[in-house]
Amino acid sequence: MLKCFRNCLRPSSLHTLPLQYGILFPQLLACLVHLHFGRFSSAVISVTSFYLSMNLDGSAQDPEKREYSSVCVGREDDIKKSERMTAVVHDREVVIFYHKGEYHAMDIRCYHSGGPLHLGDIEDFDGRPCIVCPWHKYKITLATGEGLYQSINPKDPSAKPKWCSKGVKQRIHTVTVDNGNIYVTLSSEPFKCDSDFYATGDFKVIKSSSR
């Protein structure tokens, strides 16, 4: 077995040397520990799996992104009149807003408790346009999907409340206009977003589906 690994470790070029050693060394380690320690091998294999999931520079690889095609959801003239519309894009419910000359799309259900954002009002808070959930008045920025809230220092009686961000809570999608048609492209960002929980399954409110 050692002879086999030794042959494998002979680099075909200096360019492939780091890759060959980076892949084969943890495998060799797992095999040796399995032969000598048996029951401890599972721990080494787990470490090996983590090692192989990392780039050669030691940084963990990003989760795999899923690419979505753009879906036509309606006409530009229609949304400019209504200032909002709902659609199902690749089996995901979204709401599209037209506010002050700009288009915004996000998951239709509020990240907090699944409230219907397409029924909420748009208001400015701290100079940022937000959709206000009609259920519990949660405020979500149209541009970034951040949850906003007011905080105050309880130790300072004279302090005034200030607006703060909870970070991105609502998944934002991309809106484009082509030849008078409105297209939505779902977000392919791999991070977990709170609104993902209500985006599919039993919480759906739109029955039709666009492909």
Side-chain angles (χ1 to χ4, degrees), residues 59-60 62-66 68 70-71 73-74 76-177 182-207:
S59 60
D62 292 333
E64 183 179 356
K65 285 188 176 182
R66 182 177 178 181
Y68 294 97
S70 298
V71 173
V73 297
E76 186 177 15
D77 293 340
D78 295 332
I79 191 173
K80 283 185 175 180
K81 293 177 182 178
S82 62
E83 297 186 338
R84 66 185 63 191
M85 64 186 303
T86 61
V88 178
V89 180
H90 295 299
D91 207 35
R92 193 181 188 103
E93 294 183 333
V94 299
V95 55
I96 304 97
F97 298 105
Y98 179 73
H99 181 69
K100 294 184 178 179
E102 295 183 348
Y103 295 96
H104 306 276
M106 61 179 61
D107 288 342
I108 198 170
R109 290 289 190 178
C110 177
Y111 72 90
H112 168 239
S113 190
L117 295 180
H118 60 294
L119 301 179
D121 295 325
I122 295 178
E123 301 180 33
D124 284 357
F125 297 97
D126 197 30
R128 307 173 69 179
C130 300
I131 182 68
V132 181
C133 180
W135 282 7
H136 305 105
K137 307 305 178 183
Y138 274 58
K139 299 156 182 63
I140 304 167
T141 60
L142 293 180
T144 61
E146 295 175 72
L148 298 187
Y149 69 99
Q150 281 188 306
S151 68
I152 192 171
N153 184 358
K155 297 181 179 180
D156 184 2
S158 62
K160 296 182 179 180
K162 64 178 181 178
W163 288 101
C164 300
S165 172
K166 303 175 184 177
V168 176
K169 296 293 185 178
Q170 198 77 16
R171 190 171 291 278
I172 298 297
H173 309 289
T174 303
V175 182
T176 54
V177 181
I182 302 293
Y183 293 86
V184 172
T185 306
L186 294 183
S187 166
S188 60
E189 294 300 320
F191 69 91
K192 293 290 185 181
C193 198
D194 288 8
S195 67
D196 293 342
F197 180 78
Y198 296 102
T200 58
D202 297 337
F203 300 101
K204 282 189 174 182
V205 293
I206 306 174
K207 302 303 180 184

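Heavy atoms only: backbone and side chains are in, while hydrogens, waters and symmetry mates are out. Counting from 1, the numbers follow the sequence of the chain as shown.
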(message) Looking at Lys139 and Lys137, would you say the former's side chain and the latter's main chain have a donor-acceptor pair under 3.5 Å?
(response) yes
(message) Could you tell me if Glu146 and Thr144 have a donor-acceptor pair between their side chains, going purely by distance under 3.5 Å?
(response) yes
(request) List in chain and number order the residues that pass salt bridge (Lys or Arg N to Asp or Glu O under 4.0 Å) with Asp78, two or more places apart in sequence or in another chain; answer none if no residue qualifies. (result) none
(request) Find the distance between NE2 (His99) and CG (Leu142) and round it off to the nearest 0.5 Å. (result) 6.5 Å
(message) Counting C-beta onward and ignoring hydrogens, is there a side-chain heavy-atom pair between Ser151 and Trp163 closer than 4.5 Å?
(response) no
(request) Start with the C-alpha gap between Ser70 and Val184, add the side-chain angles, then the distance that decides, and say whether side chain to side chain contact (heavy atoms under 4.5 Å, CB included) holds. (result) CA-CA 5 Å; Ser70 298; Val184 172; over 6 Å; no
(request) Report the distance from atom CD of Glu83 to atom OH of Tyr98, rounding to the nearest 0.5 Å. (result) 8.5 Å
(request) Measure the spacing between SG of Cys110 and CG of Asp194 and express it to the nearest 0.5 Å. (result) 9.5 Å
(request) List in chain and number order the residues that pass side chain to side chain contact (heavy atoms under 4.5 Å, CB included) with Lys166, two or more places apart in sequence or in another chain; answer none if no residue qualifies. (result) Tyr111, Tyr138, Tyr149, Lys169
(request) Answer whether the closest heavy-atom distance between the side chains of Ile140 and Leu148 falls below 4.5 Å. (result) no
(request) Determine, step by step, whether Val95 and Ile108 satisfy the side chain to side chain contact (heavy atoms under 4.5 Å, CB included) criterion, reporting the C-alpha distance in whole Å, the side-chain angles of both residues, the deciding distance to 0.1 Å, and the verdict. (result) CA-CA 5 Å; Val95 55; Ile108 198 170; 4.1 Å; yes
(request) Determine whether Cys193 and Val168 make a side-chain contact, defined as any pair of heavy atoms from C-beta on separated by less than 4.5 Å. (result) yes
(message) To the closest 0.5 Å, what do you measure between CD1 (Ile96) and NE2 (His104)?
(response) 12.5 Å
(request) Can you see which heavy atom on Phe97 is nearest to which on Ile79, and at what distance? (result) C-CD1, 4.4 Å
(request) Find the distance between SG (Cys164) and CD1 (Ile152) and round it off to the nearest 0.5 Å. (result) 11.0 Å
(message) Quick one, Tyr183 and Val175 - any side-chain contact, counting heavy atoms below 4.5 Å?
(response) no
(message) Looking at Asp196 and Arg92, is any side-chain nitrogen of the basic one under 4.0 Å from a carboxylate oxygen of the acidic one?
(response) yes
(request) Using distance alone, with no hydrogens and no angle criterion, decide if Tyr103 and Glu76 have a side-chain donor and acceptor under 3.5 Å apart. (result) yes
(request) State, with a plain yes or no, whether a side-chain heavy atom of Ile131 is found less than 4.5 Å away from one of Met106. (result) yes
(message) Name the residue from Arg171, Gln170, His173 that meets the side-chain hydrogen bond (donor to acceptor under 3.5 Å, both in side chains) definition with Asp107.
(response) His173
(request) Could you pull out the closest heavy-atom pair between Met85 and Val73, with the gap in Å? (result) CE-O, 2.9 Å
(message) Once rounded to the nearest 0.5 Å, what's the spacing between atom OG1 of Thr141 and atom CG of Asp126?
(response) 11.0 Å
(message) Has Ser187 got a side-chain atom pairing as donor or acceptor with Glu189's backbone, closer than 3.5 angstrom?
(response) yes
(message) For Asp124, give me all partners under salt bridge (Lys or Arg N to Asp or Glu O under 4.0 Å), at least two apart in sequence or on another chain.
(response) Lys100
(message) If you define the side chain from C-beta out and look only at heavy atoms, does anything of Leu186 sit under 4.5 Å from Val89?
(response) yes
